[in-house]
Undergrad: 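Starting off with a structure, shown below.
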Amino acid sequence: MDIFAFFGTLLWPIKWVIEAILVAFHWLLTNVGLAPTAGVTWVLSITGLVLVVRAALIPIFVRQIKNQRRMLEVAPQLKKIQDKYKGKKDQFSREAMSRETMELYKKTGTNPLSSCLPLLLQMPIFFGLFSVLNDAQHNKSGVGLLNAELSSQFANAEIFGAPLRLAISTADGNVAVIVIASIMVVLMTGSQFITQLQIMSKNQSAEMKASPMYRQQRILLYLLPLVFAFSGFTFPLGVMTYWLVSNFWTMGQQFLVIRNMPTPGSEAALAREARLAKRRQRKGIVEETEEGGTTMVIEPVKPQRQQPVSKNRAKKTGKKK
């Protein structure tokens, strides 16, 4: 069986859903007054696709955060297993260490691969959108609601003179495509770098910063720009639009998570505790001390506003005195 035909069959339902979402947003934007052939209409439709996909992945993202918390909790036990078999390179010791590690994961309900799950689930969306754009570029109708007319509009839609179907590799001297794609690469790289940097600098405990995984993350922090440079050279502007908006979503989502659900023992967790302590002091909440006693934080009493007194009433009051 042809490998391309196999992947085409595998992506068929994903492409159908992508086309349905794109056409739905395109229909909505057209009905509010945007031109059906305008590039901004299709760019906003792709943005709508990002919002739908990323909103659908929120439950998986929450599970990822919870699993990361559990991984931190079992880190000391994992280190004990590694220390137990440290220096032992025979097959029996390797199998025993692997078995004990898997039993620990099963017992605690952790999965070291869950952190990659949201990205892995998005990869078929990337390839599906790439396939939809590639078909449109060759004047092919979609597999679902993206008919021949809409497919032609999508393929020929332009932003600042750059067709969404083109990439730097297929620009054929189109300066607008090269410039816009280059700007997108810079923005994609910057947003990804900031997202990863705020995780490593603010949301890592001291134990994690001393682990080999942290060193691997630092390497990825500087390797990812090369990945985006390659993707910026080969991916059409429509696919890069999806990727860029998705990166902005990730950056904002990660900021909220680090602020409100930081890793215990991290710099972000200490900052959150300081914010909560100030908030409790302002509200006058009873706090428990480490010795088991309680400390009442008393909110300052606001002085009552003195009511204005009329001249006649003031004279009467003065006579009484």
Side-chain angles (χ1 to χ4, degrees), residues 11 13-32 34 36 38-65 115-136 142-146 150-151 153-155 157-160 162-167 180-181 183-196 198-199 224 227-228 231-232 234-257:
L11 289 175
I14 298 174
K15 290 171 63 176
W16 195 96
V17 174
I18 288 172
E19 291 178 10
I21 297 173
L22 281 174
V23 171
F25 276 103
H26 182 266
W27 175 86
L28 180 64
L29 293 168
T30 302
N31 277 271
V32 298
L34 295 182
V40 65
T41 306
W42 287 103
V43 166
L44 291 176
S45 299
I46 295 173
T47 303
L49 173 65
V50 174
L51 299 179
V52 171
V53 171
R54 296 307 301 267
L57 290 177
I58 286 177
I60 298 173
F61 181 77
V62 172
R63 287 184 58 186
Q64 174 191 354
I65 295 297
S115 59
C116 302
L117 191 57
L119 179 60
L120 291 176
L121 290 177
Q122 283 193 85
M123 292 310 294
I125 307 294
F126 295 144
F127 289 121
L129 184 58
F130 181 86
S131 180
V132 168
L133 278 170
N134 188 59
D135 291 344
V143 299
L145 300 179
L146 196 68
L150 291 173
S151 179
Q153 291 178 4
F154 192 14
E158 297 182 356
I159 47 173
F160 304 109
L164 294 178
R165 70 177 187 275
L166 296 183
I180 292 175
I183 293 173
M184 282 186 168
V185 169
V186 172
L187 293 175
M188 289 164 60
T189 304
S191 58
Q192 181 67 37
F193 185 84
I194 291 172
T195 301
Q196 194 66 20
Q198 66 178 347
I199 294 173
L224 282 176
V227 176
F228 287 123
S231 66
T234 57
F235 282 5
L237 293 180
V239 177
M240 290 180 64
T241 301
Y242 179 95
W243 204 335
L244 178 61
V245 178
S246 183
N247 272 13
F248 284 151
W249 174 292
T250 302
M251 186 169 62
Q253 181 176 256
Q254 198 66 55
F255 173 80
L256 293 175
V257 168

Undergrad: Is any side-chain heavy atom of L49 less than 4.5 Å from a side-chain heavy atom of Y242?
TA: yes
Undergrad: Please examine the side chains of L29 and V40, heavy atoms only from C-beta on, and report whether any two atoms are closer than 4.5 Å.
TA: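 Not touching, per the 4.5 Å side-chain cut-off.
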Undergrad: At what distance, to the nearest 0.5 angstrom, does CG of L187 lie from CZ of F248?
TA: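 Between atom CG of L187 and atom CZ of F248 there are 5.0 Å.
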Undergrad: Hey, could you give me the CG/CD distance between L164 and Q153, rounded to the nearest 0.5 Å?
TA: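 Nearest 0.5 Å value for the CG-CD distance: 12.0 Å.
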Undergrad: Within the structure provided, determine whether T195 and Q253 are in side-chain contact (heavy-atom separation under 4.5 Å).
TA: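 They are not in contact (no side-chain heavy atoms under 4.5 Å apart), so the answer is no.
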Undergrad: Does the E19 side chain pair with the main chain of G144, one donor and one acceptor, at a distance under 3.5 Å?
TA: yes
Undergrad: Would a 4.5 Å heavy-atom cut-off, applied to side chains only, mark D135 and L146 as touching?
TA: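 Sidechains of L146 and D135: no contact.
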Undergrad: On a heavy-atom basis, which atom in A155 and which in P163 lie closest, and how many Å separate them?
TA: O-CB, 4.2 Å
Undergrad: With side chains defined as the heavy atoms from C-beta onward, is the minimum distance between L51 and W249 less than 4.5 Å?
TA: yes
Undergrad: Taking all non-hydrogen atoms of both residues into account, name the closest pair between P236 and R165 and its distance.
TA: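 For P236 and R165, the tightest heavy-atom pair comes out as CB-O, 3.4 Å.
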Undergrad: When you measure from the side chain of T189 to the backbone N and O of V185, does any donor-acceptor pair fall under 3.5 Å?
TA: yes
Undergrad: Is there a side-chain contact between I46 and V245 in this structure, where contact means two heavy atoms from C-beta onward sitting under 4.5 Å apart?
TA: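 Of all side-chain heavy-atom pairs linking V245 with I46, none is under 4.5 Å.
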Undergrad: Atom CH2 in W42, atom OG1 in T241: separation rounded to 0.5 Å?
TA: 13.0 Å
Undergrad: Let me know which of L57, V50, L11, I18 forms a side chain to side chain contact (heavy atoms under 4.5 Å, CB included) with I125.
TA: I18
Undergrad: Just wondering, do F154 and L22 contact through their side chains at under 4.5 Å, heavy atoms?
TA: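 The answer is yes; the side chains approach within 4.5 Å.
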Undergrad: For W16, look at atom CH2 and say whether over 12 heavy atoms of other residues, nucleotides or ligands are found less than 6.0 Å away.
TA: no
Undergrad: Looking at every non-hydrogen atom in both residues, tell me the closest pair between L237 and I180 and how far apart they are.
TA: CD2-CG2, 4.3 Å
Undergrad: With under 30° as parallel and over 60° as perpendicular, where do the rings of F235 and W243 fit, or are they tilted in between?
TA: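 If you compare the ring of F235 with that of W243, the planes turn out tilted.
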Undergrad: Let me confirm one number: the CH2-CG distance from W27 to L150, rounded to the nearest 0.5 Å.
TA: 13.5 Å
Undergrad: Please answer whether the main-chain N or O of T41 pairs with a side-chain N or O of H26 as donor and acceptor at a distance below 3.5 Å.
TA: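 Looks like no, no N/O pair under 3.5 Å.
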